[in-house]
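I have placed the structure first, in the form of structure tokens, so that the comments after it can refer back to it.
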Protein chains: 2
Amino acid sequence: MSRRTYNQYCATARTLDVVGERWTLLIVRDLLTGPKRFSDLLAGLPGIGTGLLAGRLKFLQDEGLIVPVILPPPARVAGYALTEAGEELRPAVMALASWGLRWAMAERRADEDFQPGWAVLGMQALFNPDAARDLRLVYEFRVGDEVFHARVDHGAIDSVHGPAQRPDVTIETSPAVFVELAAGRMKLADAVRDGTATASGDRQAIRKLRSLFHPQQPKDRAVT
Amino acid sequence: MSRRTYNQYCATARTLDVVGERWTLLIVRDLLTGPKRFSDLLAGLPGIGTGLLAGRLKFLQDEGLIVPVILPPPARVAGYALTEAGEELRPAVMALASWGLRWAMAERRADEDFQPGWAVLGMQALFNPDAARDLRLVYEFRVGDEVFHARVDHGAIDSVHGPAQRPDVTIETSPAVFVELAAGRMKLADAVRDGTATASGDRQAIRKLRSLFHPQQPKDRAVT
DNA sequence: CCGGATCCGTAACGATACTG
DNA sequence: CAGTATCGTTACGGATCCGG
């Protein structure tokens, strides 16, 4: 009858009462890179089913984490955006992503889904503020048919879906190659030499990329 | 047949494949304040059921986040402790707790469970490093029949279950009063005056308490 | 085609009883 | 005390259908 809750007066438990159910934090993840429409979310959550997604969106609305919006021109269609409360889950999602980068991103499984937009948040998690202390740069990424950009500004980073206004650098590549680059298993310079990626714009800024996003050494857990 | 997974090559999704199921992060939360035995965990997770707890513990072991241990003397009984991988979930759990403190800790419901140990993590989330820049203090809390302590050391904090070696301050009170204190709805000085709490030890350190753990202004979401 | 609502089989969970 | 076994209930996943 009533909603399932942990029924604990504990900040962690109360948070999980709101965002702890299956799919919920992944919906937030997708909205952290900008407003999305129902079908965009559906595409970003393979397997969820329309009914469950609709239910989650309704619940998140009731809880005040998202609001229905009209997407900015030229789209002008209905969508969903994070509220301030929803946006403030960013540190938590990033912390989960950081853990995953370190402990759970072993080789990509063959059938495993990958969407470039997800890497946007990964980049935020890998971002090295010290290396960006005196930089103000905009990187644009065109991966498959997705476009997103990262705005680096004096130790801070912000990255969202969509093209940049005046990118300093534009990187263009395929999803498969992008995975390898993001995981640090391939160097951008090598991909450019192969012709599997192109990087245009400020050559200084291109060279900075490696230092801006450098992971901790990922550790694999023992596999039984 | 096989385990339910999001099947996404995304750091957040991979993390949630490991710790995203019901109860899992709360088990981690309880272990973040020190090793626990099966029945301690059971008591800290009202409603979980022994079978599910056993299953979760087994899974977390397989994933390398926890290990069975013999608890330190004088207990000398079997229990579970976090591994390095498990311990590194602390930032994520703290981020979720911080969000909860700000957005989801409105009044305690009458039937809602509360265990002082949970507040230990809340205190870490509320901890203000700047106010502790030049301090080295140990606070011990005796709440109901639980004892825990917080070790403040030059901008860092660490808090675990069990008594402290040589506390600078000892606070003793009931769970009900402790809730009010932790939530900032009651002042320690007032509780001491009422006789509902006692605070003994370094009076300077007692007075420091308010500045060390000061919350952001909690915001309540609109209630429909 | 987009944004859902409805229905149904399956998997996950919750409560209790039981065992070494 | 530390679990395993069992069973009724709830949540999820997939498909189909509907109104704009």
Side-chain angles (χ1 to χ4, degrees), chain A residues 1-8 13 16-27 30-31 35-63 66-71 74-81 111-113 145, chain B residues 1-8 13 16-27 30-31 35-63 66-72 74-81 111-113:
Chain A
M1 200 75 31
S2 81
R3 222 187 137 59
R4 190 182 276 180
T5 164
Y6 290 114
N7 202 41
Q8 299 184 355
L16 293 174
D17 281 339
V18 179
V19 298
E21 293 179 277
R22 191 163 167 77
W23 297 111
T24 304
L25 275 176
L26 294 186
I27 295 172
D30 283 351
L31 291 179
K36 302 269 183 299
R37 50 195 305 177
F38 189 91
S39 48
D40 293 333
L41 292 170
L42 203 61
L45 305 168
I48 191 179
T50 58
L52 194 51
L53 176 56
R56 289 287 189 271
L57 290 172
K58 186 158 305 185
F59 176 68
L60 287 174
Q61 250 176 274
D62 292 346
E63 293 292 321
I66 67 175
V67 283
V69 294
I70 304 300
L71 264 47
R76 294 195 172 290
V77 292
Y80 297 90
D111 63 330
E112 205 170 32
D113 205 336
D145 55 358
Chain B
M1 201 78 26
S2 81
R3 218 187 141 59
R4 193 183 276 184
T5 165
Y6 289 114
N7 201 40
Q8 299 183 356
L16 292 175
D17 281 339
V18 179
V19 297
E21 291 178 280
R22 189 162 169 77
W23 298 112
T24 305
L25 275 176
L26 294 186
I27 294 171
D30 284 352
L31 292 178
K36 301 269 183 300
R37 51 196 307 180
F38 189 90
S39 48
D40 293 333
L41 292 170
L42 203 60
L45 305 168
I48 191 179
T50 57
L52 193 50
L53 177 55
R56 289 287 188 271
L57 290 171
K58 188 159 300 185
F59 176 68
L60 287 174
Q61 250 175 275
D62 291 345
E63 293 292 322
I66 67 176
V67 282
V69 295
I70 303 300
L71 265 46
R76 295 195 172 289
V77 292
Y80 298 89
D111 63 327
E112 205 171 31
D113 205 337

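In what follows, chains are A, B, ... by sequence order, proteins preceding strands, each numbered from 1. Atom set for the values below is all heavy atoms of this structure, side chains included, hydrogens, waters and symmetry mates excluded.
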query = Do you know the tightest heavy-atom contact between B:Q8 and A:E112?
reply = O-OE2, 3.4 Å
key: Atom-to-atom span, CD of B:Q61 to C1' of D:dG3 - whole angstrom   = 13 Å
request  = Write down the distance between CG (A:L42) and P (C:dC1), rounded to a whole number of angstrom.
outcome  = 14 Å
inquiry  = Without decimals, in angstroms, what is the distance between A:D40 CG and C:dC1 P?
reply    = 15 Å
query = Any side-chain N or O of B:K58 less than 4.0 Å from the OP1 or OP2 oxygen of D:dA2?
reply = no
inquiry  = So if I take every side-chain heavy atom of A:R4 and compare against C:dC2, D:dC12, D:dA11, which nucleotide ends up nearest?
reply    = D:dA11
ask   = Does OP1 or OP2 of C:dA12 have a side-chain N or O of A:R22 closer than 4.0 Å?
value = no
query = Is any side-chain nitrogen or oxygen of A:W23 closer than 4.0 Å to OP1 or OP2 of D:dA11?
reply = no
note = note: A:L53, atom CG; D:dC12, atom C1'; distance rounded to Å ~ 13 Å
message = If you define the side chain from C-beta out and look only at heavy atoms, does anything of A:I48 sit under 4.5 Å from A:L41?
response = no
ask   = Side-chain N or O of B:R37 less than 4.0 angstrom from OP1 or OP2 on D:dG3?
value = no
request  = Please name all residues satisfying side chain to side chain donor-acceptor pair (under 3.5 Å) with A:S39, sequence neighbours left out, ordered by chain then number.
outcome  = none
key: Residue pairs, two or more places apart or on separate chains, that pass side-chain hydrogen bond (donor to acceptor under 3.5 Å, both in side chains) and touch residues 44-57 of chain A   = A:T24-A:R56
note = With sequence neighbours left out, the residues meeting side chain to side chain donor-acceptor pair (under 3.5 Å) with B:D17 are B:T5
query = Can you check the A:K36 NZ to C:dG3 P distance for me, whole Å?
reply = 14 Å
inquiry  = List the residues meeting ring-ring contact (aromatic ring centres under 6.0 Å, His included) with B:Y6, not counting sequence neighbours, and say none if there are none.
reply    = A:W23
ask   = Taking OP1 and OP2 of C:dG14, is either one under 4.0 Å from a side-chain nitrogen or oxygen of A:Y6?
value = no
ask   = Over how many whole Å does the gap from B:N7 atom CG to D:dG14 atom P extend?
value = 11 Å
inquiry  = The criterion is side chain to side chain contact (heavy atoms under 4.5 Å, CB included); which residues satisfy it with B:P72, sequence neighbours excluded?
reply    = none
query = In B/S/- notation, 5' to 3', how is nucleotides 15-20 of chain C contacted by protein heavy atoms closer than 4.0 Å?
reply = SBB---
ask   = D:dG3 P sits how many Å from B:F59 CZ, rounded?
value = 18 Å
query = For the pair made of CG in A:L57 and P in C:dC2, what is the distance, rounded to whole Å?
reply = 16 Å
